[in-house]
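Each ligand, and each atom within it, is numbered from 1 in the order the structure gives.
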Amino acid sequence: MPSLRIAFCCTGTEPEPWLAGLRAALPQAQVALWQPGAGRADYALVWAPPQQFFDEQPQLKGVFAIGAGVDALLKLRLPPNATVVRLDDAGMAVQMAEYVCHAVIRHFREFDVYEAETRQGHWTSHKPRKRADFPVGVMGLGVLGQRVARALSQFEFPVNGWSRSPKALDGVRSFSGPAQLDDFLAASRVLVNLLPLTLDTQGIMNLATLSRLRPGGYVINVARGAHLVDEDLLALLDSGQLAGATLDVFRVEPLPPDHPFWRQPKITITPHTAARTLRATSIAQIAGKIEALERGESVVGRVDRGRGY
Ligand code: NDP
Ligand code: OXD
């Protein structure tokens, strides 16, 4: 392979371990931390890069996001001919499955209630609830959503899935497209959001859609904050129509100290940590894809810019 130039431009990420890992994985490449005015590169690894980066690098052949969601990246003016690639699992799917199963089981088994009661010194056991009364709907059946749906069905929850195109997954009742959204919601009590943030999906969890869930609905948002209309969730929790929510992502991150979510006891908050980027696995995946692209091969995880994910 001719000498390749790789630029690293990831805001909020300690660069040195990434640079060292990339140099070890691609010894023939020149790997550098991008600085304004730096020389031109063939490929880039990016997370929340400034527009200036792309304005100075119009020749890029490939842009690799070091995350799964590319909503913020696609808002920038990108090099027209660059292949945009997002992380394809890279160790995130199992973390997402852990997070969502934990949240569903904690709610279903009332572990949050037991925790509060035992802290008060109360020894009270509750009547077991029926799994059949807690069908879980997973919105987005991509790399992460499929793994989550599979994990939930291992725990014998009834699982519904909603995606753009129909899917055939063992143990998952598939719904697809806008025409089947209402039926999907009506069949679900716990709603897990694993959609990409696009023009079609922003604000998709709102008063109308969340009201269609079965009574005592529960919301788990692990995709993007802008999928959810915050005021609508608060209103449905206040009225008792929804039982609770576990939220990992927010419209503004970190969640501002005065945001009402902090003061709603039915909401469990985590700081955008459901599935973290794992450096070694991600470097191996990206290095392999750079080599494949250089050989003229196609790679999985290519982003369709028109579709937005
Ligand atoms: P994928 O691109 O693999 O999957 C997206 C899924 O959403 C697909 O099933 C797709 O349908 C479906 N979809 C897209 N648009 C629509 C629509 N308009 N209507 C119905 N279904 C739609 O994404 P991933 O599974 O890898 O990741 C999902 C999201 O998770 C990321 O975009 C990111 O925002 C978030 N994320 C959050 C993390 C966290 O720590 N909280 C970590 C990592 C990711 P189809 O299959 O038909 O194309
Ligand atoms: C991602 C994320 O998209 O961390 O990878 O949210």
Arg86 to ligand 2, any heavy atom closer than 4.0 Å
no
Under 4.0 Å from any heavy atom of [X], which atoms of ligand 1 are there?
{"X": "His272", "value": "39 (C), 40 (O), 41 (N)"}
{"X": "Leu194", "value": "28 (C), 30 (O)"}
{"X": "Thr201", "value": "17 (C), 18 (N)"}
{"X": "Leu195", "value": "7 (O), 12 (C), 13 (N), 21 (N), 22 (C), 29 (C)"}
{"X": "Ala68", "value": "26 (O), 43 (C), 44 (C)"}
{"X": "Asp200", "value": "18 (N)"}

Region of Val143 that comes within reach of ligand 1 [heavy atoms, distance under 4.0 Å]
both
Within reach of ligand 1, part of Val249 (heavy-atom separation under 4.0 Å)
side chain
Could you go through Tyr99 and Thr273, starting from their C-alpha distance and side-chain angles, then the distance that decides it, and tell me whether this counts as side-chain hydrogen bond (donor to acceptor under 3.5 Å, both in side chains)?
CA-CA 9 Å; Tyr99 183 101; Thr273 196; over 6 Å; no
Which one of [options] has a non-hydrogen atom at the shortest distance from [atom]?
{"atom": "atom 26 (O) of ligand 1", "options": "Arg147, Arg86, Arg276, Met139", "value": "Arg86"}
{"atom": "atom 41 (N) of ligand 1", "options": "Thr198, Asp248, Ile204", "value": "Asp248"}
{"atom": "atom 3 (O) of ligand 2", "options": "Ala274, Gly67, Gly69", "value": "Gly69"}
{"atom": "atom 15 (N) of ligand 1", "options": "Tyr309, Phe175, Phe184, Trp162", "value": "Tyr309"}

Can you see whether [X] engages [Y] through a side-chain donor-acceptor pair at a distance of less than 3.5 angstrom?
{"X": "His272", "Y": "Asp248", "answer": "no"}
{"X": "Asp232", "Y": "Asn206", "answer": "no"}
{"X": "Thr246", "Y": "Tyr218", "answer": "yes"}
{"X": "Glu117", "Y": "His126", "answer": "yes"}
{"X": "Arg119", "Y": "Tyr114", "answer": "no"}
{"X": "Gln59", "Y": "Gln57", "answer": "yes"}

Suppose we measure from [atom] to each protein heavy atom; which comes out shortest, and what is that distance?
{"atom": "atom 31 (C) of ligand 1", "result": "Gly69 CA, 3.8 Å"}
{"atom": "atom 1 (C) of ligand 2", "result": "Ala68 N, 3.4 Å"}
{"atom": "atom 38 (C) of ligand 1", "result": "Met96 CE, 3.5 Å"}
{"atom": "atom 32 (O) of ligand 1", "result": "Pro196 CA, 3.4 Å"}
{"atom": "atom 40 (O) of ligand 1", "result": "Ala275 N, 3.1 Å"}

Regarding Asp55 and Arg77, does a basic nitrogen lie under 4.0 Å from an acidic carboxylate oxygen?
yes
Please determine whether a side-chain nitrogen of the Lys or Arg among Lys61 and Glu294 lies less than 4.0 Å from a carboxylate oxygen of the Asp or Glu.
yes
For a side-chain hydrogen bond (donor to acceptor under 3.5 Å, both in side chains) check, start with the C-alpha distance between Gln28 and Ser3, then their side-chain angles and the critical distance, and finish with the verdict.
CA-CA 6 Å; Gln28 70 282 33; Ser3 181; over 6 Å; no
Can you find an N/O atom of [X] closer than 3.5 Å to an N/O atom of ligand 1?
{"X": "Leu141", "answer": "yes"}
{"X": "Arg164", "answer": "yes"}
{"X": "Gly142", "answer": "yes"}
{"X": "Met92", "answer": "no"}
{"X": "Leu144", "answer": "yes"}
{"X": "Lys167", "answer": "yes"}
{"X": "Ser165", "answer": "yes"}

Counting neighbours of [atom1] on [X] that are heavy atoms of other residues, nucleotides or ligands and sit closer than 6.0 Å, is the number greater than 12?
{"X": "Arg276", "atom1": "CZ", "result": "no"}
{"X": "Glu297", "atom1": "CD", "result": "yes"}
{"X": "Arg302", "atom1": "CZ", "result": "no"}
{"X": "Asp170", "atom1": "CG", "result": "no"}

Tell me, please, whether Phe134 has Arg131 positioned over its six-membered ring: NZ or CZ under 6.0 Å from the ring centre and within 45 degrees of its axis?
no
Output yes when the distance from some N or O of ligand 2 to some N or O of Thr277 is under 3.5 Å, and no in every other case.
no
Is the closest N or O pair between Trp47 and ligand 2 shorter than 3.5 Å?
no
Please state whether [X] comes within less than 4.0 angstrom of ligand 1, counting heavy atoms only.
{"X": "Val222", "answer": "yes"}
{"X": "Gln95", "answer": "no"}
{"X": "Ala223", "answer": "yes"}

Co-membership, hydrophobic cluster, residues Val104 and Met139, 4.5 Å side-chain:
no
Common cluster, Val70/Trp47, ILVMFWY with side-chain heavy-atom separation under 4.5 Å
no
Between Arg276 and ligand 2, which part of the residue brings a heavy atom under 4.0 Å of the ligand: side chain, backbone, both or neither?
neither
Can you name the atoms of ligand 2, numbered from 1 with element, that are less than 4.0 Å from a heavy atom of Arg224?
1 (C), 2 (C), 3 (O), 6 (O)
Under a 4.0 angstrom heavy-atom cut-off, which atoms of ligand 2 come close to His272?
2 (C), 4 (O), 6 (O)
Audit row: Phe175, Trp162, ring-ring contact (aromatic ring centres under 6.0 Å, His included) steps and yes/no:
CA-CA 5 Å; Phe175 297 80; Trp162 184 69; 9.4 Å; no
From the list Leu169, Val172, Val190, side chain to side chain contact (heavy atoms under 4.5 Å, CB included) partner of Val159 resolves to Val172
